[in-house]
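All residue numbers refer to positions in the sequence shown, counting from 1. These numbers were taken from a predicted model, which means no experiment stands behind them.
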Amino acid sequence: MKSFHTPLHRFLYCLSTFIVLAGTSLAVHAQADDYREVNQLVRAGKLPEALTKADQYLAAKPRDPQMRFLKGVVQSELGKPTDAITTFTKLTEDFPELPEPYNNLAVLHAGQSQFDKARAALEMAIRTNPSYATAHENLGDVYAKLASQAYSKALQLDSSNAAVQPKLALIRELFAPNAKGQKPVLPTPVALAPAQPARPVAAAPAPAATSPTPAAATASTGSQAEVEAAVRAWATAWANKDMNGYLAAYGKDFTPAGGTARKAWEDERRSRIVGKKTISVKVNKLVIAVNGDKATAKFSQDYSADALKVTSRKVLDMVRAGGNWVIVKESTGS
């Protein structure tokens with residue numbers, strides 16, 4: 001039976017992470033202006049101008065990861081997937097700790113129906129950041145496409161196999177472009193973008209249907225303050241490479257993303273953190289929602305280690321245990 005193929009319709013417009021090389025404040029602002037100009041040219045459809053601007057910038061700063069990432073975006077939008085793949089591949093070689101280039105390589109490979117390569121790239125993204133939710137979702141989509149190819153081949157070899165047809169039909173329905181309530185294509189990519197200015201901590205809004213009593217409001221505010229203190233203590237322990245304090249911030253029910261064993265995850269985190277010369281972790285735009293003994297903390301995380309600086313969206317699911325708030329789930333880019 002002839003296999004089906006759903007083309008990619010979306011590429012590199014979900015802006016989530018900002019990366020710059022360490023430098024003076026003035027230099028960072030100048031870089032941000034250059035990134036912004038290239039992004040504006042891309043959004044305006046002036047792709048050749050955007051590529052020229054990116055190349056001019058990289059002539060002076062050839063290792064700049066943000067501009068190289070943007071160049072890969074422009075190349076893909078110009079219909080040059082081979083050039084974009086080369087750009088993103090070199091970026092993963094120079095900055096293997098960044099998951100986003102792997103994710104976008106998967107998008108490019110999937111666009112060429114090279115789903116095995118897409119799977120490998122997404123697995124690397126998840127290995128680099130096990131809590132990278134977008135890569136997990138995309139990997140599920142790629143597995144579904146690989147399954148469709150396998151089912152189609154099975155029907156070619158044995159058309160009398162009645163068990164295969166319903167499975168193939170189900171996957172076809174999942175990826176149908178106009179299927180109501182379904183995602184139209186795979187995968188959802190991400191791109192790097194300038195970070196936004198930090199905002200003060202904001203409390204989660206109360207439900208519109210009811211107004212809390214003064215006592216309930218006081219309890220909620222107190223819990224939010226406790227959660228905020230726990231989040232900031234976690235960030236401080238990380239920055240200070242205090243592994244006992246950092247690992248203690250995670251509850252006994254915490255399960256690392258990707259099915260990694262807790263011990264293996266702790267060993268991996270210890271090697272990544274202790275091996276850095278300097279680390280800075282800042283929590284910005286923190287929004288906390290408390291529901292009894294459960295809480296969710298959403299924020300923008302500014303992370304820098306040695307010469308690398310990364311800003312990403314972070315979500316911590318927390319519970320109160322033994323009078324302390326601890327992390328039970330951690331996700332990035334959601």
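- The closest side-chain donor-acceptor pair between Asn284 and Ser300, if any, does not fall under 3.5 angstrom.
- With hydrogens and angles left out, the side-chain atoms of Gln75 and Thr87 include a donor and acceptor closer than 3.5 Å.
- Using modelled atom types, no side-chain atom of Lys329 and backbone atom of Pro256 make a donor-acceptor pair closer than 3.5 Å.
- By the 4.5 Å heavy-atom criterion applied to side chains, Met67 and Lys61 are not counted as neighbours.
- For residues 260-285, the pairs satisfying ring-ring contact (aromatic ring centres under 6.0 Å, His included) are Tyr250-Trp265, Phe254-Trp265, with sequence neighbours left out.
- Atom NZ of Lys282 has 12 or fewer heavy atoms from other residues, nucleotides or ligands within 6.0 Å.
- Qualifying side-chain contact (heavy atoms from CB on, under 4.5 Å) partners for Asn324, counting only residues two or more places apart in sequence or in other chains: none.
- Taking a cutoff of 4.0 Å between a charged side-chain nitrogen and a carboxylate oxygen, Arg68 and Asp64 do not qualify as a salt bridge.
- Annotation: the span from Ile126 atom CD1 to His136 atom NE2 amounts to 4.0 Å, rounded to 0.5 Å.
- Using a 4.0 Å cut-off between charged side-chain N and carboxylate O, Glu123 and Arg127 make no salt bridge.
- Put simply, CH2 on Trp325 and NZ on Lys294 are 10.5 Å apart, with the number rounded to the nearest 0.5 Å.
- Ring centers of Phe69 and Phe88: under 6.0 Å apart, within the cut-off.
- Annotation: side-chain hydrogen bond (donor to acceptor under 3.5 Å, both in side chains) contacts of Arg272 (sequence neighbours excluded): Glu268.
- A tilted orientation is assigned to the rings of Trp238 and Tyr246, their planes being inclined by 30° to 60°.
- Ser223 and Arg320 are linked by a side-chain donor-acceptor pair at a separation below 3.5 angstrom, with hydrogens and angles left out of the test.
- Under a 3.5 Å cut-off, the side chain of Lys276 and the backbone N or O of Ser304 do not form any donor-acceptor pair.
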